[in-house]
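Because the structure is predicted, anything quoted here is derived from the model rather than measured. Computed from heavy atoms alone, side chains included, the values below leave out hydrogens, waters and symmetry copies.
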Amino acid sequence: MQLARPDAEVTTGIARVEVDVVTDGAMVRSSDVVTMEEPLQIRLVHGPAGARSETDVAVTMRTPGHDEALALGFLLTEGMIEDPDALESVEEAENVVTVQLSPAAAFDPEMFKRNTYTTSSCGICGKASIEAVQVHIPDRAGQDRFAIEAPVLESLPASLAEQQTAFEQTGGIHASATFRSDGHIERVAEDVGRHNALDKLIGSYLAEGSLPLLERGLLF
């Protein structure tokens, strides 16, 4: 499955708006470039062949762009899918991403029921129960021996800033990035919501079948 990289050139998610600039009591009409926030509906098609069902699993507020990666990352981090084998296809149209699961993939809609939409600042908003909030993280202890020298670690924020295309234009957006032990920033994703930026990052790797990621660090 091929998706556009999250760190591809930003063409959506940014808007120019009129603003009033007040300096020393004097107001001047001007314009500014801002980060956009719009709702995205994530829909799952699931069930055995011949008895497929559609379930709307979430409406999340996000910065438009790389919506398919965001949806895949969301489904993985919420525990609705576990690996690329569960995916059949993913399509985006008019603020709706539809993910088709393979007929063999198990999915119980009641386990992931939400009572409200999900804001860009809250990853657990609207969960129906405490049990639904709990995240089951695979135990991969011992598989990764990632290490990084302190000076290289300290240089990462500046390296990330150089690749934050949307932040450079707007001055207000979150970013997440993967990096190597030598300080190389491998991939960057930006969004008005920090957890959305991470989901976009994770979803891009999931689409490539590159998970789990080893020998990499995560930078916010």
4.5 Å side-chain heavy-atom contact, [X] and [Y]:
| X | Y | result |
| --- | --- | --- |
| His195 | Phe220 | no |
| Ile202 | Leu211 | yes |
| Ile81 | Leu87 | yes |
| Val188 | Phe179 | no |
| Pro103 | Arg52 | yes |

Hydrophobic clusters here meaning ILVMFWY residues chained together by side-chain heavy-atom distances under 4.5 Å, can you tell me if Leu76 and Leu213 are in one? yes
Indicate, with yes or no, if Val33 and Val19 share a hydrophobic cluster defined by side-chain heavy-atom contacts under 4.5 Å among Ile, Leu, Val, Met, Phe, Trp and Tyr. no
Reported [atom1]-to-[atom2] distance for the pair [X] and [Y], which is rounded to 0.5 angstrom:
| X | Y | atom1 | atom2 | value |
| --- | --- | --- | --- | --- |
| Ile42 | Arg62 | CD1 | CZ | 9.5 Å |
| Leu201 | Asn196 | CG | CG | 12.5 Å |
| Thr170 | Glu190 | OG1 | CD | 7.5 Å |
| Glu208 | Leu72 | CD | CG | 11.0 Å |
| Ser176 | Leu219 | OG | CG | 8.5 Å |
| Leu198 | Thr77 | CG | OG1 | 7.5 Å |

Show the numbers, then the answer: is there a side chain to side chain contact (heavy atoms under 4.5 Å, CB included) between Val21 and Met27? CA-CA 5 Å; Val21 180; Met27 185 173 68; over 6 Å; no
If we ignore angles and hydrogens, is there a donor and acceptor under 3.5 Å between the side chains of Thr178 and Arg216? no
Closest approach of [X] and [Y], non-hydrogen atoms and distance?
| X | Y | answer |
| --- | --- | --- |
| Met80 | Phe74 | CE-CE2, 4.1 Å |
| Ser204 | Ala69 | N-CB, 3.9 Å |
| Ser181 | Val152 | O-CG1, 3.9 Å |
| Pro39 | Val59 | CB-CG1, 4.0 Å |
| Gly172 | Thr35 | O-OG1, 2.8 Å |
| Pro84 | Gly209 | CG-CA, 3.8 Å |

Check for a donor-acceptor pair, side chain of Asp191 on one end and backbone N or O of Thr63 on the other, with a separation under 3.5 Å. yes
Do NZ/NE/NH1/NH2 and the carboxylate oxygens of Lys200 and Glu68 come within less than 4.0 Å? no
Any carboxylate oxygen within less than 4.0 angstrom of a Lys/Arg side-chain nitrogen, looking at Glu91 and Arg43? no
Show, in sequence, the C-alpha distance, side-chain angles and deciding distance for Ile185 and Leu156, and conclude whether the side chain to side chain contact (heavy atoms under 4.5 Å, CB included) test is met. CA-CA 8 Å; Ile185 301 289; Leu156 287 174; 4.0 Å; yes
Applying side chain to side chain contact (heavy atoms under 4.5 Å, CB included), run through Phe107 and Leu75 and close with a yes or a no. CA-CA 11 Å; Phe107 175 71; Leu75 294 175; over 6 Å; no
Could you go through the side chain to side chain donor-acceptor pair (under 3.5 Å) check for Asn95 and Gln41 one step at a time? CA-CA 6 Å; Asn95 289 332; Gln41 184 170 324; over 6 Å; no
Once ring-ring contact (aromatic ring centres under 6.0 Å, His included) is applied, do any residues pair with Phe167, and if so which ones, sequence neighbours excluded? none
Greater than 12 external heavy atoms within 6.0 Å of Glu149's CD: no
Verdict with reasoning, Arg29 to Asp20, per salt bridge (charged side-chain N to carboxylate O under 4.0 Å, His left out): CA-CA 5 Å; Arg29 195 69 170 170; Asp20 293 324; 2.7 Å; yes
Show, in sequence, the C-alpha distance, side-chain angles and deciding distance for Tyr205 and Glu186, and conclude whether the side chain to side chain contact (heavy atoms under 4.5 Å, CB included) test is met. CA-CA 11 Å; Tyr205 284 107; Glu186 183 175 79; 2.4 Å; yes
